[in-house]
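All values below come from the heavy atoms of this structure, side chains included, with hydrogens, waters and symmetry mates left out.
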Amino acid sequence: MAGLDPTDWRGIREIGHRMLDEVFDRMEHVGEGPIWRPMPPSARQALKEGLPETGHSLDDLYERYRDLVVPYGVGNTHPGFMGWVHGAGTPVGMLAEMLAGGLNANCGGRDHAPIEVEREVIRWALQMVGMPQDGSGCLVTGSSMANFISVITASRAQNLSIRKEGIGGRGLVGYAATTAHGCLPRAFDLAGLGSDALRRVPVLADHRMDVSALRDMIAADREAGLVPFMVAGTAGTVDCGAIDHLAAIEAIAREAGLWFHVDAAFGALACLSDRFQPRLSGIEKADSLAFDFHKWAQVPYDAGCVLVRDSHKHAAAFAQSLDYLTREERGLAAGAPWFCDFGPDLSRGFRALKVWMTLGHYGSERMGQMVETCCDVAADLAERVERTEGLVLLAPVTLNIVCFGLDGLDDAEVSELVQDLHESGIAAPSTTRINGRLAVRAAIVNHRTTTAHTNRMLDAVIALRDELLRARTAR
């Protein structure tokens with residue numbers, strides 16, 4: 001039976017070098033052309049060919065990739081992309097992905113160098129947010145998984161017998177603001193607690209958790225015979241970037257004996273900025289923390305991270321003792337604890353290399369400056385919104401997210417306007433709802449985005465608004 005290595009190594013080297021050159025060409029000119037374009041039916045259909053029996057040449061597959069995939073990407077590498085919270089990537093991270101693919105390491109465990117690289121990345125992450133260096137953590141797909149691991153760890157820390165006996169009838173409840181990300185109620189659902197077990201705490205006018213209401217809700221649940229076990233603060237809400245009063249939430253958690261978790265999906269990177277780090281005061285006291293390197297840290301997807309203050313409680317929630325995974329003192333099966341002891345995945349890719357190379361190349365100081373630049377661009381956009389007649393800033397700009405409304409347009413028209421803007425290829429903001437009103441939402445996460453791009457976006461929004469108003473008048 002034939003193996004899978006090429007018979008012509010020279011040929012695959014040539015096409016590999018061509019791929020690399022063309023990737024760099026695209027990166028060098030990433031700001032040119034449309035941000036996004038709809039994928040035509042013909043291209044979608046061309047990708048539906050069924051499982052090939054004999055296979056295609058690499059040249060043919062690469063040509064199909066260039067024609068059918070590259071032109072119709074999500075566009076988050078382009079500096080005009082301001083939708084949702086997507087990192088833009090870097091050439092360094094791309095090269096690291098290539099190197100990791102060549103090594104093909106399984107980082108579930110065992111004693112090898114890629115495990116040590118991930119351990120170093122976890123130490124860096126703990127240092128970045130100010131948590132103790134003897135804490136634990138692991139790299140995961142994203143903050144959804146990181147929050148899920150945190151909920152599991154917190155519930156097992158409350159009662160370890162859950163691992164064998166299950167959740168049923170224990171009455172466990174947790175708390176997060178109404179502005180918390182949807183992955184938290186999903187984590188409660190997947191953990192068997194039920195999404196209703198996550199109590200949604202009201203927020204104040206600044207979109208931060210009402211800590212007085214939190215205290216009252218904990219007391220009421222205890223009075224009702226329930227068992228509060230955790231509270232989750234948010235460092236950078238997904239809708240407008242608000243930061244909960246983390247220090248105050250932590251104080252209530254300690255007073256009530258609750259696990260203190262922080263969802264800092266993108267906001268954690270603000271810890272690298274001397275200017276913005278004080279706004280995250282209290283994050284360093286978290287029992288667990290979830291964030292993404294693939295957002296503001298610009299690491300290629302995917303690279304989420306979970307950190308836990310107490311490594312023993314973390315391992316107690318996930319570690320297994322299995323005959324076929326015996327840890328040894330020497331040899332390849334040494335090096336415990338393994339990363340599979342800190343989460344549900346046994347098969348794990350070498351995500352750490354792209355984080356290690358990205359942060360190792362740019363350094364914490366330059367990354368902090370990048371964070372500040374994004375926030376400055378957002379502040380400039382907010383100022384222009386406030387100066388422009390017919391536009392209204394709908395939420396304070398805490399970090400890098402600007403939400404604004406369009407006077408004279410209803411929600412359906414705002415939605416149509418944003419869709420038209422996407423299809424124009426000029427800019428790609430998203431939408432959210434602020435105090436019941438549909439807002440245009442610009443998240444400045446891309447390190448390539450400047451005020452020239454936000455100005456171009458706002459000019460296009462104004463032109464599309466005026467066009468909608470003229471069309472309404474003509475009717």
Exercise for the section: Start with the C-alpha distance between Thr373 and Met370, add both sets of side-chain angles, then the distance that settles side-chain contact (heavy atoms from CB on, under 4.5 Å), and finish with yes or no. Expected result: CA-CA 5 Å; Thr373 298; Met370 178 271 296; 5.6 Å; no

Practice task
Apply salt bridge (Lys or Arg N to Asp or Glu O under 4.0 Å) to the pair Glu118 and Arg351, showing each step before the final yes or no.
Solution key: CA-CA 8 Å; Glu118 185 162 350; Arg351 294 186 181 98; over 6 Å; no

Exercise for the section: List the steps, then state whether side-chain hydrogen bond (donor to acceptor under 3.5 Å, both in side chains) holds for Ser311 with His314. Expected result: CA-CA 5 Å; Ser311 61; His314 191 184; over 6 Å; no

Exercise for the section: Might you work through the salt bridge (Lys or Arg N to Asp or Glu O under 4.0 Å) test for Arg66 and Glu63, ending with a clear yes or no? Expected result: CA-CA 5 Å; Arg66 286 188 303 174; Glu63 182 178 351; 5.4 Å; no

Exercise for the section: Quick one: do Arg465 and Asp407 satisfy salt bridge (Lys or Arg N to Asp or Glu O under 4.0 Å)? Show the steps, please. Expected result: CA-CA 9 Å; Arg465 178 205 60 183; Asp407 288 342; over 6 Å; no

Practice task
Check the pair Val371 / Arg275 against side-chain contact (heavy atoms from CB on, under 4.5 Å), numbers first and verdict last.
Solution key: CA-CA 10 Å; Val371 165; Arg275 195 198 323 168; over 6 Å; no

Problem - Full working for salt bridge (Lys or Arg N to Asp or Glu O under 4.0 Å) between Asp210 and Arg215 - result: CA-CA 9 Å; Asp210 183 340; Arg215 183 181 281 108; over 6 Å; no

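The residue from Arg186, His261, His181 that alone fulfils the side chain to side chain donor-acceptor pair (under 3.5 Å) condition with Asn147 is His261. Under the side chain to side chain donor-acceptor pair (under 3.5 Å) test applied with Arg384, the options Thr451, Thr454, Asp459 reduce to a single match, Asp459. Here the options are Asn106, Ile115, Val117, Asn104, the test is side chain to side chain contact (heavy atoms under 4.5 Å, CB included), and the partner is Phe350; only Val117 passes. For the pairing with Ile249, the side chain to side chain contact (heavy atoms under 4.5 Å, CB included) check across Val231, Thr234, Val201 returns one residue only, Val231.
For the 3.5 Å distance criterion, the side chains of Thr432 and Arg441 fail to qualify, holding no donor opposite an acceptor. Checking Glu22 against Tyr62 by side-chain atom types alone, a donor-acceptor pair falls below 3.5 Å. Neither side chain, Thr141 nor Asp302, offers a donor N or O lying under 3.5 Å from an acceptor on the other. In this model, a donor atom of one side chain and an acceptor atom of the other lie less than 3.5 Å apart for Glu32 and His29. Residues Ser415 and Gln419 bring a donor and an acceptor atom of their side chains to less than 3.5 Å of each other. Under 3.5 Å, the side chains of Glu372 and Ser273 contain a donor-acceptor pair of N or O atoms.
Between Phe229 and Leu193, the shortest heavy-atom distance links the atoms CZ-CD1, 3.9 Å. Nearest approach of Ile122 to Gly137, heavy atoms of both residues: CD1-C, 3.6 Å. The shortest heavy-atom contact between Gly241 and Phe266 is CA-CZ, 4.1 Å. In plain terms, the two heavy atoms of Leu289 and Met131 that are nearest each other are CB-SD, 4.3 Å. Between Trp84 and Phe81, the shortest heavy-atom contact is CE3-CZ, 3.8 Å. Counting all heavy atoms, side chain and backbone alike, Asn446 lies closest to Arg448 at OD1-N, 2.8 Å.
The pair Arg123-Glu120 meets the salt-bridge criterion, with a side-chain N (NZ, NE, NH1 or NH2) lying under 4.0 Å from an Asp/Glu carboxylate O. Checked for salt-bridge contact, Asp466 and Arg472 miss the test: no charged N lies under 4.0 Å from a carboxylate O.
Side-chain contact check for Arg456 versus Ile426: some heavy-atom pair is nearer than 4.5 Å.
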